[in-house]
There are 2 protein chains.
Amino acid sequence: MAVSARRGAPLTPEEIHSTALRLVEEGGVEALSMRKLAAVLDVNPMSLYHHVANKTALISQICQTMAGRLALPDNPGSPWQERLRDLAHAYRRMVQRYPSLWAYIHTHPEAVGDHQGGIWDVLFPILADAGVPEEERTTTADVLHGFVAGLVVTERQGHIGRDDPAQADRVYETAIDMIIRGLPHP
Amino acid sequence: MAVSARRGAPLTPEEIHSTALRLVEEGGVEALSMRKLAAVLDVNPMSLYHHVANKTALISQICQTMAGRLALPDNPGSPWQERLRDLAHAYRRMVQRYPSLWAYIHTHPEAVGDHQGGIWDVLFPILADAGVPEEERTTTADVLHGFVAGLVVTERQGHIGRDDPAQADRVYETAIDMIIRGLPHP
DNA sequence: GCGATAGCCATACGGTGTATGGCTACGTCC
DNA sequence: GGACGTAGCCATACACCGTATGGCTATCGC
């Protein structure tokens with residue numbers, strides 16, 4: 001009802017989210033403004049507020065849109081070391097695709113919520129197979145996540161392997177080795 | 001010359017930096033605005049621009065002010081494991097004191113510059129004593145820094161040990177153990 | 001037909017960083 | 001002592017931001 005005069009079809013949350021995500025991909029989180037987003041969507045800025053509560057809710061939603069695009073490896077049967085490595089690689093690919101947004105998540109963990117979503121569902125069984133006692137798995141997962149997220153954000157925004165991507169790959173591999181070696185397993 | 005009508009003395013960079021740092025301590029980086037800072041200093045906003053180039057330069061400077069306050073442990077003679085642990089603790093204390101600013105540095109590494117400053121001067125000899133070959137020390141240091149920074153930022157802004165600080169301490173200790181165990185040393 | 005309502009939009013408010021240019025008081029030189 | 005440069009400060013203005021408020025219109029169920 002009452003479709004925009006300039007557009008043919010009404011706005012949809014999906015359209016808003018994917019367009020916002022595109023803006024963030026192109027210019028970082030700080031390049032996302034409600035006004036710019038509205039301009040791209042050819043709509044009045046205030047129209048957006050009929051579909052999203054406010055800007056932080058929008059960012060939260062596109063974070064989850066992004067997390068939903070995470071292609072999680074699923075190779076039960078492989079040894080846990082290999083599955084952990086695959087998961088770490090998937091995580092890194094995701095960060096490399098949306099570096100700015102991932103840095104945002106890293107410093108605004110409330111944007112994605114607590115331990116729900118794909119990563120944790122994959123990580124916990126891996127830790128179980130690695131012999132981490134159940135009562136330690138949550139904190140172990142937090143430590144690993146902190147390690148990996150910190151490393152990848154540093155790599156992406158910092159200077160690790162700035163001029164030699166292969167070097168960055170090697171560093172990342174070494175880091176995963178460190179983690180596997182350091183995990184408390186029998 | 002031409003001192004402010006409202007204030008007795010002219011502005012100094014030190015005054016600006018420490019006041020800005022105080023604002024950041026109290027309300028996070030996003031609570032720092034040139035106008036608020038000017039109001040606290042009882043000065044016109046534009047007067048600040050005679051002492052700092054712009055806001056990002058100001059943040060950069062207060063990052064270095066903060067880094068200068070890092071009390072670095074200096075205990076040569078101790079085994080490298082202990083010195084690494086002490087350094088990690090010093091780092092964590094610093095993050096806990098300025099969590100918001102440190103999160104900013106973590107995602108804006110250009111604010112502090114490349115590998116200069118106290119931490120690296122302490123870390124490199126430790127890695128040397130740990131047997132890390134010279135050509136690997138820079139990247140190893142980057143990995144360790146990424147690990148620790150990520151973990152501490154996660155801990156501080158996330159939920160590790162939210163209701164039990166002692167638990168957070170234990171997690172951190174375990175994480176350091178993991179790092180020490182994982183370091184390539186003979 | 002009619003009221004409810006979903007969707008959209010115009011306007012406005014208070015906030016931001018900072019470009020521009022003008023004022024004043026001091027230091028330095030003739 | 002007078003002229004001048006300039007350091008420090010400030011008023012104004014611009015373009016942007018997020019969003020509260022309230023009104024318009026087209027569609028739906030009745």
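This structure is a prediction, so every number in the text was calculated from the model and none was measured. In what follows, chains are A, B, ... by sequence order, proteins preceding strands, each numbered from 1.
- B/Thr174 places none of its side-chain heavy atoms less than 4.5 Å from the side chain of A/Val143.
- Side-chain proximity of A/Asn44 to C/dC9, C/dA19, C/dC8: nearest is C/dC9.
- Scanning for side-chain contact (heavy atoms from CB on, under 4.5 Å) contacts around A/Thr107 gives B/Ala103, B/Thr107, B/Val153, B/Gln157, with sequence neighbours left out.
- Scanning for side-chain contact (heavy atoms from CB on, under 4.5 Å) contacts around B/Val95 gives B/Tyr91, B/Trp102, B/Val152, with sequence neighbours left out.
- Shown for residues 98-107 of chain B: no residue has heavy atoms falling under 4.0 angstrom of DNA chain D.
- Distance A/Asn54 CG to D/dC17 C1': 14 Å, rounded to the nearest Å.
- Contact annotation: B/His51 does not reach the phosphate of D/dA7 (side-chain N/O to OP1 or OP2, under 4.0 Å).
- Applying the side-chain hydrogen bond (donor to acceptor under 3.5 Å, both in side chains) criterion to B/Arg97, with sequence neighbours excluded, gives no partner residue.
- By the side-chain hydrogen bond (donor to acceptor under 3.5 Å, both in side chains) test, A/His51 is found to be paired with no residue, residues two or more places apart in sequence or in another chain being considered.
- One atom, OH of B/Tyr49, and another, P of C/dG22, lie 21 Å apart when rounded to the nearest Å.
- Closest approach to the A/Met46 side chain among C/dT18, D/dT21, C/dC8 is made by D/dT21 (side chain taken as heavy atoms from C-beta onward).
- Partners of B/Ala128 under the side-chain contact (heavy atoms from CB on, under 4.5 Å) rule, at least two apart in sequence or in another chain, are B/Arg137.
- A/Arg93 is linked by a side-chain hydrogen bond (donor to acceptor under 3.5 Å, both in side chains) to nothing, counting only residues two or more places apart in sequence or in another chain.
- At its two ends the helix from C/dG1-D/dC30 to C/dC30-D/dG1 runs along axes set 10° apart, each axis drawn from five pairs and the angle rounded to 10°.
- Shown here are the side-chain contact (heavy atoms from CB on, under 4.5 Å) partners of B/Thr56, two or more places apart in sequence or in another chain: B/Asn54.
- Within residues 20-36 of chain B, the residues approached by DNA chain C to less than 4.0 Å at the level of any non-hydrogen atom are B/Leu32, B/Ser33, B/Met34, B/Arg35, B/Lys36, in residue-number order.
- Taking 4.5 Å as the limit, some side-chain heavy atom of B/Trp80 sits within range of a side-chain heavy atom of B/Ile180.
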Return all side-chain donor-acceptor pairs below 3.5 angstrom for residues 19-32 of chain B, not counting sequence neighbours, or 'none' if the list is empty.
| unit_1 | atom_1 | unit_2 | atom_2 | d |
| --- | --- | --- | --- | --- |
| B/Thr19 | OG1 | B/Glu15 | O | 2.7 |

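- Comparing C/dG17, D/dC9, C/dC9 against the side chain of B/Lys55 picks out C/dG17 as the nearest.
- DNA chain D is contacted by both A/His50 and A/Pro45; A/Pro45 maps to the nucleotide lying nearer its 5′ end (nearest heavy atom per residue).
- Whole-Å rounding puts the A/Leu48 CG to C/dA10 P distance at 13 Å.
- When the side-chain hydrogen bond (donor to acceptor under 3.5 Å, both in side chains) test is applied to A/Arg170, the partners found at least two apart in sequence or on another chain are A/Gln167.
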